[in-house]
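Working notes, structure below.
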Protein chains: 2
Amino acid sequence: MSQDDAGVDLGTSLGYLLKETSSVLRAAMEAVLRPLGMTVTHYSCLELLAQRPGLSNSELARGTFVTRQSMNVLLQALERDGYVTRPAEAPVGKALPTRLTPRGRRSLAKASAAVRSVEVRMLSGLTEAEQSAARTTLRSMIRSLREPEEEG
Amino acid sequence: MSQDDAGVDLGTSLGYLLKETSSVLRAAMEAVLRPLGMTVTHYSCLELLAQRPGLSNSELARGTFVTRQSMNVLLQALERDGYVTRPAEAPVGKALPTRLTPRGRRSLAKASAAVRSVEVRMLSGLTEAEQSAARTTLRSMIRSLREPEEEG
DNA sequence: TGACTCATGTCAGCATTCTGACATAGCCTT
DNA sequence: AAGGCTATGTCAGAATGCTGACATGAGTCA
């Protein structure tokens, strides 16, 4: 009675469904990472560094969707515990390239396998075509949300 | 070199893409709700109450993906500011049915229109069929993640 | 009837993240 | 060469959400 007026029907809203999926996925990841003593942001940071070594604090923050201040706190802890290393001085500019240590790599290996199992479970009922379509759809949503009015 | 070993390729991972989409959507919602003096959880609570009046604290918490403790804090603020009302005593059990006040309804109307515009923008590049397929896919993911092993 | 289990509301303390602010390094324009 | 602009790293304080804990009410089962 109000969906066409001003309300947002939560039962069919893709935004709501997106939030729900993200919430359930996060809970599932936390469940498998907890036994390894790792949080989701913790893991995301290591995974990002494995694939793109030398990322700076700010770049890691953008890649894990937190502020650079939060990432800074995390990186200091990871460095203190020997999972990553950063040079004392920046080779260029102010950005400090971060790299995994052997210990960080070992820790990531276990976490990555656990997270992969969660993703496999999440996709278990979907065909390759459906997964590919989902990727295209999500990328379209991101693109539309990032552009205020026009689209190029 | 490691995607098939233990790594999760963030460039194609649906989980990562899901998190990114959710993050961008949340930022867009915050941007339009901030001028109205409302947070996303604040809005979600009111929207939920508009569609399903009489929800309890715990039910609202589940519907907005926060703990019942967090929702309790929010509800106390909303009640104090006159957006919702709760009976002093529970009609049955301990659950207190919450309802929007006229003021809450007015406040929601503006917020709902703003959020709807964000969702419209998000879906602007998608056909109805693509949106429907996305809903089906997301629901499948949620279902798979919630069931430990079997699926019925 | 009484014990057990479960869900709820609520309080207190803790953890994590964010906002605000500042100094510095590189780039671009003049 | 100098000024302005942007990005970065970092510190401090505030806000938000979560975990732990407790008491209460309802349903279940012996």
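Numbered from 1 within each chain, the chains take letters A, B, ... in sequence-line order. Bear in mind the structure is a predicted one, so any value in this text is a computation, not a measurement.
Atom CZ in B:Arg68 sits about 11 Å away from atom C1' in D:dG20, given to the nearest Å. The interatomic distance linking A:Leu60 (CG) with D:dT8 (C1') rounds to 13 Å, in whole Å. One interatomic measurement links the two molecules: CG of B:Asn72 to P of D:dT16, which rounds to 15 Å at whole-angstrom precision. Atom-to-atom, CG of A:Leu96 to P of C:dA25 comes out at 12 Å; the value is rounded to the nearest Å. Atom pair B:Glu89:CD and D:dT24:C1' shows a separation of 13 Å (rounding to whole Å applied). For the pair B:Glu30 CD and C:dC18 C1', the computed distance is 10 Å after rounding to whole Å. For the pair B:Glu79 CD and C:dG9 C1', the interatomic distance rounds to 12 Å; values are reported in whole Å. A:Lys94 places its NZ atom 11 Å from the P atom of D:dT8, with the value rounded to the nearest Å.
With respect to the salt-bridge test (charged N to carboxylate O, under 4.0 angstrom), the residues B:Arg146 and A:Glu20 qualify.
Remark: B:Arg86 is not in phosphate contact with C:dT8, judged by side-chain N or O atoms under 4.0 Å from OP1 or OP2. Remark: A:Thr67 is in phosphate contact with C:dC18, judged by side-chain N or O atoms under 4.0 Å from OP1 or OP2. For the pair A:Arg26 and D:dC18, the criterion of a side-chain N or O lying under 4.0 Å from OP1 or OP2 is not met. In this model, the phosphate group of C:dG13 is not approached by any side-chain N or O of B:Gln69 to a distance below 4.0 Å at OP1 or OP2.
Two residues, A:Gly93 and B:Gln76, neighbour DNA chain C, and the one matched to the more 5' nucleotide by heavy-atom proximity is B:Gln76. Where A:Val92 and A:Thr41 each meet DNA chain C at their nearest nucleotide, the meeting point lying more 5' is that of A:Thr41. Comparing A:Arg62 and A:Arg34 by the nucleotide of DNA chain D whose heavy atom lies nearest to each, the residue mapping closer to the 5' end is A:Arg62.
Scanning both residues, A:Leu25 and B:Gly15, for their nearest heavy atoms gives CD2-CA, 3.7 Å.
Both A:Met38 and A:Leu75 are members of a single hydrophobic cluster when ILVMFWY side chains are connected at heavy-atom separations under 4.5 Å. A chain of hydrophobic side-chain contacts below 4.5 Å, direct or via other Ile, Leu, Val, Met, Phe, Trp or Tyr residues, connects A:Leu49 to B:Tyr16.
Using a 4.0 Å heavy-atom cutoff across all strands shown, A:Glu59 reaches no nucleic acid atom at all. Using a 4.0 Å heavy-atom criterion, one finds that A:Thr39 contacts no nucleic acid atom at all. Using a 4.0 Å heavy-atom criterion, one finds that B:Ser70 contacts the bases of the nucleic acid, with or without backbone contacts as well.
At least one donor-acceptor pair under 3.5 Å links the side chain of B:Arg103 to the backbone N or O of B:Asp81.
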